[in-house]
J.: 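The following block contains the structure, expressed as structure tokens.
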Number of protein chains: 2
Amino acid sequence: MPKVGMEPLRRKALIDATISAIGERGSLDVTMSEIAGRAGVSSALAHHYFGAKDELLFATMRHILSELNTDTRRALGLAVTPRQRVSAVVAVSFSDEQFQPETIAAWLAFYVEAQKSAALRRLLKIYARRLNSNLMSGLTGILPRAEADRVAEATAALIDGLYIRRALKDGVPDAQTAIALVEDYLETKLSGRSLP
Amino acid sequence: MPKVGMEPLRRKALIDATISAIGERGSLDVTMSEIAGRAGVSSALAHHYFGAKDELLFATMRHILSELNTDTRRALGLAVTPRQRVSAVVAVSFSDEQFQPETIAAWLAFYVEAQKSAALRRLLKIYARRLNSNLMSGLTGILPRAEADRVAEATAALIDGLYIRRALKDGVPDAQTAIALVEDYLETKLSGRSLP
DNA sequence: GATTTTTCATTGATTGATCCGTCAATAAAA
DNA sequence: TTTTATTGACGGATCAATCAATGAAAAATC
């Protein structure tokens with residue numbers, strides 16, 4: 001069975017297993033054995049490819065954010081008007097790929113872990129900055145700078161808040177409702193406005 | 001030193017120590033020894049009064065939510081108009097007592113833990129329901145039912161989102177700005193409206 | 001008021017379980 | 001024969017939880 005070129009396959013399998021394990025258990029308190037087991041390998045192999053648990057978790061978070069980024073770029077590519085850009089960012093955040101319980105649970109768990117790990121914190125700051133930048137790329141075409149800043153901040157907070165509530169399966173259960181809430185907010189802030 | 005009636009004092013000290021330990025470390029991964037040490041007692045005593053670590057954590061979360069509730073009731077008591085009731089709820093959420101890094105970090109950590117612990121999940125659901133109910137107690141005096149529901153949901157999500165961002169010390173660092181953001185949202189949704 | 005007894009407070013030491021990370025060994029391509 | 005893939009077993013560290021033992025206040029007894 002041992003064939004060459006297993007590394008990328010195993011890495012992918014282990015990262016997927018990490019997401020599903022974290023998603024099911026709802027926290028980063030998953031053992032290397034459990035993750036490896038889900039990926040169909042021994043825990044020793046997980047250590048072989050990732051060195052330490054920290055690095056596996058880090059790689060997993062990077063993978064999640066990377067997918068979010070890819071999806072966002074694709075959606076932004078299709079948007080034409082500034083208003084569409086804003087909606088595209090929102091839509092992706094609650095898309096089927098991103099708004100899954102497993103992913104959300106992992107995202108939340110990483111948020112907590114970021115308080116301990118400087119590396120994770122850096123990663124999440126990048127996410128936050130990117131989300132802000134993506135929102136601003138649309139908002140600055142509609143609102144004056146200062147106001148755009150505030151709306152971006154509020155929208156980002158709103159998205160994060162809906163995420164966390166989803167994680168607890170409390171209130172706003174489905175993506176449709178979540179999008180509607182954010183869009184409703186944006187509409188009241190943007191309606192009737194145009195480039196000043 | 002051993003005197004009678006130590007129990008309530010120790011319990012309080014241990015809960016305070018738990019909050020500060022969690023706040024400093026940023027997660028529930030604190031040992032009983034560390035907590036006990038901060039409270040100036042042995043870990044055996046912590047077990048003596050709380051039985052298990054779970055119960056100490058549970059008691060700590062209950063304490064945090066209980067304080068939030070007390071403050072909210074006081075603020076609501078001073079509010080006269082429905083609009084003031086809404087603002088009171090928001091103000092308390094970001095008051096000096098509630099919006100402290102330690103408390104926020106603990107709150108976030110408990111959010112994650114709630115996915116594992118049914119007891120904690122129940123506690124947080126109560127918090128969510130109470131927050132919603134408190135907001136609605138003002139909003140129903142201003143908006144029609146359906147719309148009030150949506151605004152309450154969005155406001156709650158906004159508050160939670162600002163909390164989580166505060167935990168990461170990213171964006172919206174101070175309470176003033178946070179309150180301004182939420183109030184700005186409320187103003188756009190409520191301005192010019194009155195009981196239909 | 002002096003004593004004995006009971007209750008409460010407290011801890012050091014220990015146990016048992018969990019889990020990360022390592023390592024030597026195996027097996028199959030290349 | 002060298003490289004790559006893979007694992008079982010193990011060492012070592014950490015911790016939650018227990019327990020027997022100690023000391024000191026309070027209550028009961030005389």
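What's counted below: heavy atoms across the whole structure, side chains too, no hydrogens, waters or symmetry copies.
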J.: Are the side chain of A:S133 and the backbone of A:R129 linked by a donor-acceptor contact shorter than 3.5 Å?
T.: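 Pair absent, no side-chain N/O of A:S133 close to backbone of A:R129.
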J.: Whole angstrom is fine here: how far is it from CG in A:L9 over to C1' in D:dT4?
T.: 14 Å
J.: Enumerate donor-acceptor pairs with a distance under 3.5 Å from any side-chain N or O in residues 46-68 of chain A to protein atoms, sequence neighbours excluded.
T.:
from	atom 1	to	atom 2	distance (Å)
A:H47	ND1	A:S43	O	3.2
A:K53	NZ	A:V30	O	2.8
A:T60	OG1	A:L56	O	2.8

J.: Do the side chain of A:R166 and the main chain of A:I104 share a donor and acceptor less than 3.5 angstrom apart?
T.: no
J.: Within the 4.0 Å heavy-atom criterion, would you say B:T31 contacts the bases, only the backbone, or no part of the nucleic acid?
T.: sugar-phosphate
J.: Could you state the atom-to-atom distance from CZ of B:R11 to P of C:dC8 in whole Å?
T.: 14 Å
J.: Look only at the side chain of A:Q98 and the backbone of A:S95, and say whether a donor-acceptor pair between them is shorter than 3.5 Å.
T.: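 Judged by distance alone, no pair lies under 3.5 Å.
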J.: Near DNA chain D, counting only heavy atoms under 4.0 Å, which residues of residues 43-58 of chain A show up?
T.: A:A44, A:L45, A:H48, A:Y49
J.: May I ask you to decide if A:Y185's main-chain N or O and A:T188's side chain share a donor-acceptor pair within less than 3.5 Å?
T.: yes
J.: Between D:dT14 atom P and B:R25 atom CZ, what is the distance in whole Å?
T.: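 After rounding, the gap between these two atoms is 12 Å.
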J.: Round to the nearest Å and state the distance from A:L14 atom CG to D:dT7 atom P.
T.: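 After rounding, the reported distance stands at 10 Å.
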J.: What is the distance from CD of A:E7 to P of D:dA5, rounded to the nearest Å?
T.: 6 Å
J.: What is the distance from CE of A:M32 to C1' of D:dG8, rounded to the nearest Å?
T.: 16 Å
J.: Take atom CZ in B:R11; do more than 12 heavy atoms of anything else shown fall under 6.0 Å from it?
T.: yes
